Number of protein chains: 2
Amino acid sequence: MSICAYLVIALKEAMRNLTKTMNALSDETRLRILRVLLEKECCVCEIMQALDISQSRASRNLGILREAGLLRARRDGAWIVYSVDKEGMQEYLSDMVKAIRKALEGNQVVALDLERLKTAVRVGPSRVNH
Amino acid sequence: MSICAYLVIALKEAMRNLTKTMNALSDETRLRILRVLLEKECCVCEIMQALDISQSRASRNLGILREAGLLRARRDGAWIVYSVDKEGMQEYLSDMVKAIRKALEGNQVVALDLERLKTAVRVGPSRVNH
DNA sequence: ACTAAATATGCGCATATACTCATATAATTA
DNA sequence: TAATTATATGAGTATATGCGCATATTTAGT
């Protein structure tokens with residue numbers, strides 16, 4: 001492949017990254033996950049409990065948010081802890097996150113999620129009766 | 001339908017509006033259209049020329065942005081002029097628009113669109129050889 | 001009123017998305 | 001090392017999306 005072709009790809013990548021981000025943020029499940037993670041870092045099973053959703057659904061959507069650069073993941077023993085890396089993320093991503101947070105202010109679905117989050121415990125999916 | 005059921009629907013509407021907005025902003029064509037309209041209000045045929053896309057594609061995506069509350073449309077003679085209503089739109093929408101604008105700064109695809117916009121004329125689709 | 005022009009939209013197709021179910025992978029503990 | 005636990009992921013399915021093509025709708029001009 002020619003140098004030129006590579007350049008064209010690089011130029012298109014910025015746009016692709018942006019649409020990827022916006023796509024990640026255009027789904028209700030993922031907006032709810034993001035909002036919960038703005039409250040506190042969580043493992044998959046805590047997200048399951050807060051949103052009252054299945055394990056695979058939680059895991060897959062966390063992966064999409066991570067892939068879009070909105071979350072970071074670290075292992076902590078048996079768990080993988082997801083968090084919003086407010087400082088480390090690209091500036092345009094943190095702008096979006098701030099806008100989303102504001103847009104979700106007072107939202108009732110979110111309120112319920114945050115309520116359930118309070119009683120969520122770091123216990124595996126197998127012990128979450130869902 | 002009971003009052004309760006209506007309340008539940010109303011509570012869910014805020015979330016639905018947000019995902020609708022984000023969805024509208026998660027497509028490359030629509031991000032490009034929005035960016036062009038931040039430069040100057042346009043009729044459909046000017047958007048066609050700036051982005052070098054078909055008439056139905058321009059019209060449909062303008063409609064989606066409009067439906068999401070991001071654009072307003074007014075008739076001007078034979079034309080329908082679309083614009084970003086920066087003052088009139090919901091606050092969370094204008095936050096998103098600002099973030100998008102910043103994210104697209106220096107983007108090459110956008111640069112080409114804006115270049116073509118300069119030479120775009122308000123002449124109907126039938127006279128745009130595409 | 002008739003014709004032309006500008007925009008919107010129904011339809012069909014190809015592709016993308018989101019979910020569940022079942023299973024694979026990776027780390028912990030006995 | 002074997003069993004258990006936490007998370008990721010492949011497969012299948014139902015639905016949503018984006019596009020082009022053709023056509024409908026609405027306005028302008030004669």
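Note on naming: letters A, B, ... go to the chains in the order of the sequence lines (proteins, then strands), and numbering restarts at 1 for each one. All values reported here derive from a predicted model rather than from experimental measurement.
- At whole-Å resolution of the value, CG in B:L62 and P in C:dT7 are 10 Å apart.
- Listed by residue number, the members of residues 27-47 of chain A with any heavy atom below 4.0 angstrom from DNA chain C are A:D27, A:T29, A:R30.
- When the C1' atoms of four end pairs are superposed on the next four at each end of the helix from C:dA1-D:dT30 to C:dA30-D:dT1, using five pairs per end, the two resulting axes differ in direction by 20°, to 10°.
- Remark: P of D:dT7 and CD of A:Q49 are 10 Å apart, rounded to the nearest angstrom.
- Residue B:S59 places none of its side-chain N or O atoms closer than 4.0 Å to OP1 or OP2 of C:dT7.
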Could you go through the salt bridge (Lys or Arg N to Asp or Glu O under 4.0 Å) check for A:E39 and A:R35 one step at a time?
CA-CA 7 Å; A:E39 212 61 26; A:R35 183 61 190 82; 2.8 Å; yes
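- One atom, CZ of B:R122, and another, C1' of D:dA28, lie 14 Å apart when rounded to the nearest Å.
- Using modelled atom types, one finds no donor on one side chain facing an acceptor on the other under 3.5 Å when comparing A:R116 with A:T119.
- Taking hydrophobic clusters as Ile, Leu, Val, Met, Phe, Trp and Tyr residues chained together by side-chain heavy-atom distances below 4.5 Å, B:V81 does not share a cluster with B:L51.
- The minimum heavy-atom distance linking B:D27 with A:T19 is given by the pair C-CG2, 4.1 Å.
- Here B:E41 pairs with B:R74 in a salt bridge; the nearest charged N to carboxylate O distance falls below 4.0 Å.
- The distance from atom CE of B:M48 to atom P of D:dC19 is 14 Å, rounded to the nearest whole Å.
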Any chance you could lay out the side chain to side chain contact (heavy atoms under 4.5 Å, CB included) test for A:L70 and A:L25, step after step, and finish with the verdict?
CA-CA 9 Å; A:L70 291 155; A:L25 294 173; 3.8 Å; yes
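- Atom CG of A:N61 is separated from atom C1' of D:dT9 by 14 Å (rounded to the nearest Å).
- Contact detail for B:V44 and B:A58: the closest heavy-atom pair is CG1-CB, 4.0 Å.
- Nearest-nucleotide positions on DNA chain C place A:N23 closer to the 5' end than the other of A:R60 and A:N23.
- Linking Ile, Leu, Val, Met, Phe, Trp and Tyr residues whenever their side-chain heavy atoms come within less than 4.5 Å leaves B:Y92 and B:I64 in two separate clusters.
- Contacts with DNA chain D (heavy atom under 4.0 Å) in residues 65-84 of chain A: A:A78, A:W79, A:I80, A:Y82, listed by number.
- Atom CZ of B:R66 has 12 or fewer heavy atoms from other residues, nucleotides or ligands within 6.0 Å.
- Taking atom CG of residue B:L25 and atom P of nucleotide D:dG18, one finds them 12 Å apart after rounding to whole Å.
- At a cut-off of 3.5 angstrom, counting only N and O atoms as typed in the model, there is a donor on one side and an acceptor on the other between the side-chain of B:Q55 and the base of C:dA8.
- Between A:M22 atom CE and C:dA16 atom C1' there is a gap of 18 Å when expressed in whole angstrom units.
- Judged by distance alone, the side chain of B:S26 and the main-chain N or O of B:N23 form a donor-acceptor pair under 3.5 Å.
- Looking at B:D95 and A:K102, a side-chain N of the basic residue comes within less than 4.0 Å of a carboxylate O on the acidic one, giving a salt bridge.
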